[in-house]
Amino acid sequence: MLDVKLFQMENFLSQPYEDTLVPLLKSAHDRLQDGSGVGGDFTGWVHLPRDYDKAEFARIKAAAARIQGNSQALVVIGIGGSYLGARGVIDCLCSPNYNLKKKKTPNVYFMGNGLSADAMQEVLDLLEGVDFSVNVISKSGTTTEPAVAFRFFRAELEKRYGKAGAKERIYATTDKARGALKSLATAEGWETFVVPDDVGGRYSVLTAVGLLPIAVAGVDIDALMGGAAEMMDRCADTASFDCPAWRYAAVRYELYRAGRPIEILACFDPAFRFMLEWWKQLYGESEGKDGKGLFPASVEFTADLHSMGQYIQDGCRNMFETVVRLGASGHQLYVPRDETDGDGLNFLAGESMDFIRDRAMEGTLLAHTEGGVPNVIVEAGGKTARDLGQLIYFFEYACGLSGYLLEVNPFDQPGVEAYKKNMFALLGKPGYEDRKAELEAKLNR
């Protein structure tokens, strides 16, 4: 079962802080549970692992089976919360090399999360002679990056299979009743899945947004939801520091107030890379507003110990680390003996890779804390779908608590719109003509 441990934290938090924070955390907890806090209209994720639409869940599994049966590839088109969670889960549970592996499930390509023509053409080339389907994910259907990408892949589907054939290979995850994508899907007869009105994108991995691609990759989504439900019950029933989400939210807040506004999330498993990216969006978009918030950064150990390790050890003391520990590897490999011992590593002969990894982690924790960097350990039970479901919900719930501790709305993202307005003006979108001239003048100064 997931747990949070504070590693030698007494060296960094001298005063007892738990008693002071109990009423603040209890208030944040109550507002999450009953949706009465700021942004409460977007707290549908809080009880989602219990209250999710069971009929749609069955349709997701049926659609995944259909895609597995008629497609060698699935193109998932989305940006931000519309792809990071699904990619994180697939990488973590199926491998970062998922598309290169021999398997019975389709390759999964994530597109619409950037504006690179080379990246677009590369995937189109990879689909040459390959039967594929598309899952386009957008609440509105008008977000530039995924909308542009969808034009390319829809055209390729219709060219290859005709409009009737393409109709059977396009799955739209969008608003239940309105928006450009919903209207188009209804007109064209595509199967649709719902982005719930009360769940924001970065909290949506356990909705159809994440579940359809995850299921296509062969992950047990029943176990994923089961793990999330276990953590949901634990968070709901334990309004105290016995709840790991309380402990994590509390220590983050205290370290922030103590002058450490940067949190580095680390993991000693390269398969966790896109879960780190998902976490960065979750916390960055939820907390970074009103001039407040911790800056979320990430590192992949041990690789980044040979790049970022120097700064973490000896740089500015304005950060702390949270280390996710996933438990035993699925495969156990043991170091072979070398008769010449030319590298001097025969002292490790017969030891498992897990043993070496764990000693590296412990050595890192000791070095960084001795170097003035506080460390928090998030202990997952393992690396199964159930374990990952627990971890996802834990981070989401702690994020909601953290936002309310900071007295910000953890469920909006007003700053995201700023670049869009400028981009639309510079692209010549109707209605932005006056702003276009102003921006071009600034660029030409």
Side-chain angles (χ1 to χ4, degrees), residues 35 41-71 74-78 80-90 93 105-106 108 110 133-141 146 150 167-233 278 385-386 388-389 392-393 396 411:
D41 289 345
F42 291 93
T43 53
W45 58 271
V46 173
H47 300 120
L48 180 72
R50 179 193 67 204
D51 298 339
Y52 65 92
D53 185 331
K54 308 304 188 295
E56 180 172 71
F57 192 79
R59 284 201 304 115
I60 289 170
K61 291 198 284 188
R66 195 157 58 248
I67 294 166
Q68 290 170 341
N70 70 9
S71 298
L74 173 68
V75 179
V76 180
I77 298 174
S82 295
Y83 95 100
L84 281 171
R87 181 157 187 184
V89 172
I90 292 171
L93 297 180
T105 51
V108 179
F110 291 93
S133 295
V134 168
N135 177 205
V136 55
I137 306 168
S138 176
K139 181 77 169 171
S140 66
F150 183 48
K167 172 183 146 181
E168 305 303 318
R169 293 176 175 272
I170 296 176
Y171 301 83
T173 306
T174 187
D175 191 90
K176 65 180 178 182
R178 60 186 181 274
L181 182 55
K182 174 60 179 175
S183 298
L184 184 59
T186 299
E188 297 291 337
W190 304 330
E191 182 166 7
T192 60
F193 298 95
V194 174
V195 179
D197 288 338
D198 56 359
V199 179
R202 58 189 177 273
Y203 292 86
S204 68
V205 61
L206 298 176
T207 71
V209 170
L211 292 177
L212 180 56
I214 290 168
V216 168
V219 174
D220 183 347
I221 60 174
D222 288 292
L224 189 73
M225 294 297 285
E230 290 169 357
M231 185 54 64
M232 179 194 73
D233 290 341
W278 168 81
R386 185 168 295 276
L388 206 55
I392 287 168
Y393 190 89
E396 290 179 345
F411 309 115

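All residue numbers in this chain count up from 1 along the given sequence.
Residues G81 and V209 approach most closely at O-CG1, 3.6 Å, considering heavy atoms. Across I77 and P146, no two heavy atoms sit closer than the pair CG2-O, 3.4 Å. Pairing each heavy atom of P106 with each of S71, the nearest pair is CG-O, 3.4 Å. Minimum interatomic distance between V219 and A385 (heavy atoms only, all atoms of both residues): CG1-CB, 4.2 Å. In terms of heavy-atom proximity, A185 sits nearest to A172 at CB-CB, 4.1 Å.
By the 4.5 Å heavy-atom criterion applied to side chains, D197 and D175 are counted as neighbours. Considering only heavy atoms from C-beta on, V205 comes within 4.5 Å of I214 through its side chain. Between I60 and I221, some side-chain heavy-atom pair lies under the 4.5 Å cut-off. Contact of the I137 side chain with the V76 side chain is registered, since non-hydrogen atoms from C-beta on lie closer than 4.5 Å. Side-chain contact check for L184 versus W190: some heavy-atom pair is nearer than 4.5 Å. Residues I392 and W278 are in side-chain contact: their nearest non-hydrogen atoms beyond the backbone lie under 4.5 Å apart. Within the 4.5 Å cutoff, side-chain heavy atoms of T173 are placed close to those of V195.
To the nearest 0.5 Å, atom CD of residue E396 and atom OG of residue S204 are 8.5 Å apart. Put simply, CG on L206 and CZ on F57 are 9.5 Å apart, with the number rounded to the nearest 0.5 Å.
Here the side chain of T174 pairs a donor or acceptor atom with the backbone of K139 at under 3.5 angstrom. With hydrogens and angles disregarded, a donor-acceptor distance shorter than 3.5 Å links the side chain of R59 to the backbone of T192. When atom types are taken as modelled, the side chain of K54 and the backbone of Y52 share a donor-acceptor pair closer than 3.5 angstrom. At least one donor-acceptor pair closer than 3.5 Å links the side chain of R169 to the backbone N or O of N70.
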If you look only at distance, which donor and acceptor atoms sit under 3.5 Å apart when one is on a side chain in residues 224-233 and the other is two or more places apart or in another chain?
from	atom 1	to	atom 2	distance (Å)
E230	OE1	Q390	NE2	2.7
E230	OE2	R386	NH1	2.8

field: D41 and F411: CA distance, side-chain angles, deciding distance, side chain to side chain contact (heavy atoms under 4.5 Å, CB included) verdict
entry: CA-CA 9 Å; D41 289 345; F411 309 115; over 6 Å; no

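Taking the six-membered ring where the residue is Trp, Y203 and W45 present parallel rings, their angle staying beneath 30° rather than reaching 60°. Relative ring orientation between F193 and Y171 is described as parallel, the plane-to-plane angle staying below 30° on a 0-90° scale split at 30° and 60°.
A salt bridge links K61 to D222: one of the charged nitrogens lies within less than 4.0 Å of a carboxylate oxygen. Of the charged side-chain nitrogens involved, none lies within less than 4.0 Å of a carboxylate oxygen, so that K176 and E56 do not count as a salt-bridged pair.
Within 6.0 Å of CZ in R178 there are 12 or fewer heavy atoms belonging to other residues, nucleotides or ligands.
Of the candidates V46, L48, L388, Y393 forms a side-chain contact (heavy atoms from CB on, under 4.5 Å) with just one, namely V46.
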